[in-house]
Asker: 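Okay, here's the structure, questions in a sec.
Residue numbers count from 1 along this sequence. Excluded from the calculations below are hydrogen atoms, water molecules and symmetry mates; all remaining heavy atoms, backbone and side chain alike, are included.
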Amino acid sequence: MEANELPNIAERNKEFFNNESSTYDAHPTRVLCAKKCAEAILKEVKDLEGYEVMDFACGTGLVSQDLCAHVKSILGVDSSQNMVNEYNKKVWQQGIDKEEMQAICLELKESEGDQLNGRKFDLIVCASAYHHLDDINSITGMLASYLKQGGELIVLDLKKDPEVSHKFHGGNKDHIVSHKGGFYPEELEKVFLATDMLENVSSKVAFSFPKQIEKDKEHIFEWFLVKGKKIQTE
């Protein structure tokens, strides 16, 4: 994709998720995947007490709501206003203090510099969204810049398998998926290292789950986790 096309896919994603927001949580596969992502994060970072967390591309808050009880605060960030509205509606309905969990509609961009008034995070997570993003190098560098020294960035996404992973989204979502079929883990490891801000970069298969793609045929898809730690400078 050419650079001058970047706003197009961003706008297409925004429109798609604005339209999907009210029924997003009605899809069992989405809910199951988010729950497994949250479980993988909690397993990877065992003690989150006192952590300030950003959930990037947070959607309706499916991952955030499972992390909230374990952290000091969690800020959801998403470019879709309607998804953010659904997220904050859940917070209000569950009686959670907005200082502990809330979402904002913001399209974070590396070129814009600090858009969060100096706020930094102990942990930034992004679950099942990287395949929608075109310039993952820029996004990863931007996310790393919002980490505290020693903070961690964790991304979970579909593991590429040439045999089946391209079938996960079907043909009706090509217009919003930049990386059809997901990623090879080593691909994202290189992206993390290329920021020159992250160290101790590693990846692993986080979980797998079945999804029916074709009539009477189920495929097993794998999600992987890649993490990196913000380099501490003296």
Asker: Hey, what do you get for OH (Tyr24) to CG (Leu62), rounding to the nearest 0.5 Å?
Answerer: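 Result: 6.5 Å between the selected atoms.
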Asker: Please examine the side chains of Met197 and Leu147, heavy atoms only from C-beta on, and report whether any two atoms are closer than 4.5 Å.
Answerer: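 Counting from C-beta outward, Leu147 and Met197 never come under 4.5 Å.
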Asker: Please name all residues satisfying side-chain hydrogen bond (donor to acceptor under 3.5 Å, both in side chains) with Gln102, sequence neighbours left out, ordered by chain then number.
Answerer: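 For Gln102, no residue satisfies side-chain hydrogen bond (donor to acceptor under 3.5 Å, both in side chains) once neighbours in sequence are set aside.
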Asker: What pairs with Tyr146 under ring pair (Phe, Tyr, Trp, His ring centres under 6.0 Å), at least two apart in sequence or on another chain?
Answerer: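 Per chain and number, Tyr146 pairs via ring pair (Phe, Tyr, Trp, His ring centres under 6.0 Å) with no residue.
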Asker: Do you reckon Phe224 sits in the same ILVMFWY cluster as Leu198, going by side-chain contacts under 4.5 Å, direct or chained?
Answerer: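 Same hydrophobic cluster.
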Asker: Rounded to the nearest 0.5 Å, what separation is found between the CG atom of Leu67 and the CD1 atom of Ile74?
Answerer: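 If we round to the nearest 0.5 Å, Leu67:CG and Ile74:CD1 are 4.5 Å apart.
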Asker: At what distance, to the nearest 0.5 angstrom, does NE2 of His132 lie from CZ of Arg12?
Answerer: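 Interatomic distance, His132 NE2 to Arg12 CZ, rounded to 0.5 Å: 12.5 Å.
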Asker: For Ser138, which residues count as a side chain to side chain contact (heavy atoms under 4.5 Å, CB included) partner, sequence neighbours excluded?
Answerer: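 Applying side chain to side chain contact (heavy atoms under 4.5 Å, CB included) to Ser138 gives Glu110, Asp135.
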Asker: Look at the rings of Phe183 and Tyr130 and say which category their plane angle falls in: under 30° parallel, 30 to 60° tilted, over 60° perpendicular.
Answerer: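 The arrangement is perpendicular - the two ring planes meet at more than 60°.
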Asker: How about Glu186: does its CD atom have over 12 heavy atoms from other parts shown lying under 6.0 Å from it?
Answerer: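 Counting other residues, nucleotides and ligands, CD of Glu186 exceeds 12 neighbours.
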Asker: State which residues pass side chain to side chain contact (heavy atoms under 4.5 Å, CB included) with Val205; sequence neighbours excluded, sorted by chain then number.
Answerer: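 With neighbours one apart ignored, the set is Lys159, Glu222.
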Asker: Of all residues at least two apart in sequence or in a different chain, which pass the salt bridge (charged side-chain N to carboxylate O under 4.0 Å, His left out) check with Lys90?
Answerer: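 Residues passing salt bridge (charged side-chain N to carboxylate O under 4.0 Å, His left out) with Lys90: Asp25.
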Asker: Between CG of Leu75 and CD1 of Ile124, what distance do you get to the nearest 0.5 Å?
Answerer: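 Going from CG on Leu75 over to CD1 on Ile124, the span is 9.5 Å.
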Asker: Under the side chain to side chain contact (heavy atoms under 4.5 Å, CB included) test, which residues partner Asn19, sequence neighbours left out?
Answerer: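 Side chain to side chain contact (heavy atoms under 4.5 Å, CB included) list for Asn19, sorted by chain: Glu15.
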Asker: Name the residue from Ser64, Ser80, Ser21 that meets the side chain to side chain donor-acceptor pair (under 3.5 Å) definition with Tyr87.
Answerer: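 One option only clears the test, and that one is Ser64.
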Asker: What's the shortest heavy-atom distance between Leu225 and Ala40, and which atoms?
Answerer: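 Smallest heavy-atom distance, with atoms named: CD1-O, 4.1 Å.
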Asker: Just verifying a value: how many Å separate Ile96 CD1 and Asn88 CG, rounded to the nearest 0.5 Å?
Answerer: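 Reported value, rounded in 0.5 Å steps: 10.5 Å.
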Asker: Enumerate the residue pairs fulfilling salt bridge (charged side-chain N to carboxylate O under 4.0 Å, His left out) with a member in residues 99-109, sequence neighbours excluded, ordered by first and then second residue.
Answerer: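 Sorted result for residues 99-109: Lys14-Glu107.
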Asker: Can you tell if the side chain of Gln94 reaches within under 4.5 Å of the side chain of Met101, non-hydrogen atoms only?
Answerer: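 Gln94 vs Met101: side chains apart.
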Asker: Enumerate the residue pairs fulfilling salt bridge (charged side-chain N to carboxylate O under 4.0 Å, His left out) with a member in residues 192-207, sequence neighbours excluded, ordered by first and then second residue.
Answerer: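 Sorted result for residues 192-207: Glu44-Lys204.
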Asker: For residues Phe207 and Cys37, report the shortest heavy-atom separation together with the two atoms involved.
Answerer: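 It is CE2-N, 3.7 Å.
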Asker: Can you check side-chain contact (heavy atoms from CB on, under 4.5 Å) on Thr195 and Leu143, steps first, answer last?
Answerer: CA-CA 10 Å; Thr195 66; Leu143 292 176; over 6 Å; no
Asker: Please answer: with hydrophobic residues joined when any side-chain heavy atoms are less than 4.5 Å apart, are Val84 and Phe121 in the same cluster?
Answerer: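 Different clusters.
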Asker: Let me know which of Glu187, Glu189, Lys227 forms a side chain to side chain donor-acceptor pair (under 3.5 Å) with Ser203.
Answerer: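 With Ser203 as partner, side chain to side chain donor-acceptor pair (under 3.5 Å) holds for just one option, Glu189.
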Asker: Could you list all the salt bridge (charged side-chain N to carboxylate O under 4.0 Å, His left out) pairs where at least one residue sits in residues 65-86, not counting sequence neighbours?
Answerer: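 Every salt bridge (charged side-chain N to carboxylate O under 4.0 Å, His left out) pair that includes a residue of residues 65-86, provided the two are not neighbours, is Lys35-Asp66, Glu86-Lys89.
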Asker: Should the ring pair His131 and Trp223 be called parallel, tilted or perpendicular, given that the plane angle runs from 0 to 90° and is split at 30 and 60?
Answerer: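 Answer is perpendicular, since the angle exceeds 60°.
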Asker: Using the rule that two of Ile, Leu, Val, Met, Phe, Trp, Tyr join whenever any of their side-chain heavy atoms come within less than 4.5 Å, decide whether Val155 and Ile231 are in one cluster.
Answerer: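 Val155 does not cluster with Ile231.
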Asker: What residue pairs, at least two apart or across chains, pass salt bridge (charged side-chain N to carboxylate O under 4.0 Å, His left out) with a residue in residues 142-155?
Answerer: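 Sorted pair list: Glu52-Lys148, Asp122-Lys148.
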Asker: Given side chains that start at C-beta, do those of Ile41 and Leu156 come closer than 4.5 Å, heavy atoms only?
Answerer: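 Counting from C-beta outward, Ile41 and Leu156 do come under 4.5 Å.
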Asker: Run the side chain to side chain contact (heavy atoms under 4.5 Å, CB included) test against Asn117 and tell me which residues pass, sequence neighbours left out.
Answerer: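 Applying side chain to side chain contact (heavy atoms under 4.5 Å, CB included) to Asn117 gives none.
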Asker: Under the side-chain hydrogen bond (donor to acceptor under 3.5 Å, both in side chains) test, which residues partner Asn85, sequence neighbours left out?
Answerer: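 Residues passing side-chain hydrogen bond (donor to acceptor under 3.5 Å, both in side chains) with Asn85: Gln81.
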Asker: Restricting to non-hydrogen atoms, name the atom on Ser208 and the atom on Ile220 that form the minimum distance, rounded to 0.1 Å.
Answerer: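 In this case the closest contact between Ser208 and Ile220 is CB-CG2, 4.0 Å.
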Asker: CG/Leu106 to CZ/Phe56 distance, rounded to the nearest 0.5 angstrom?
Answerer: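 Here the rounded value is 9.0 Å.
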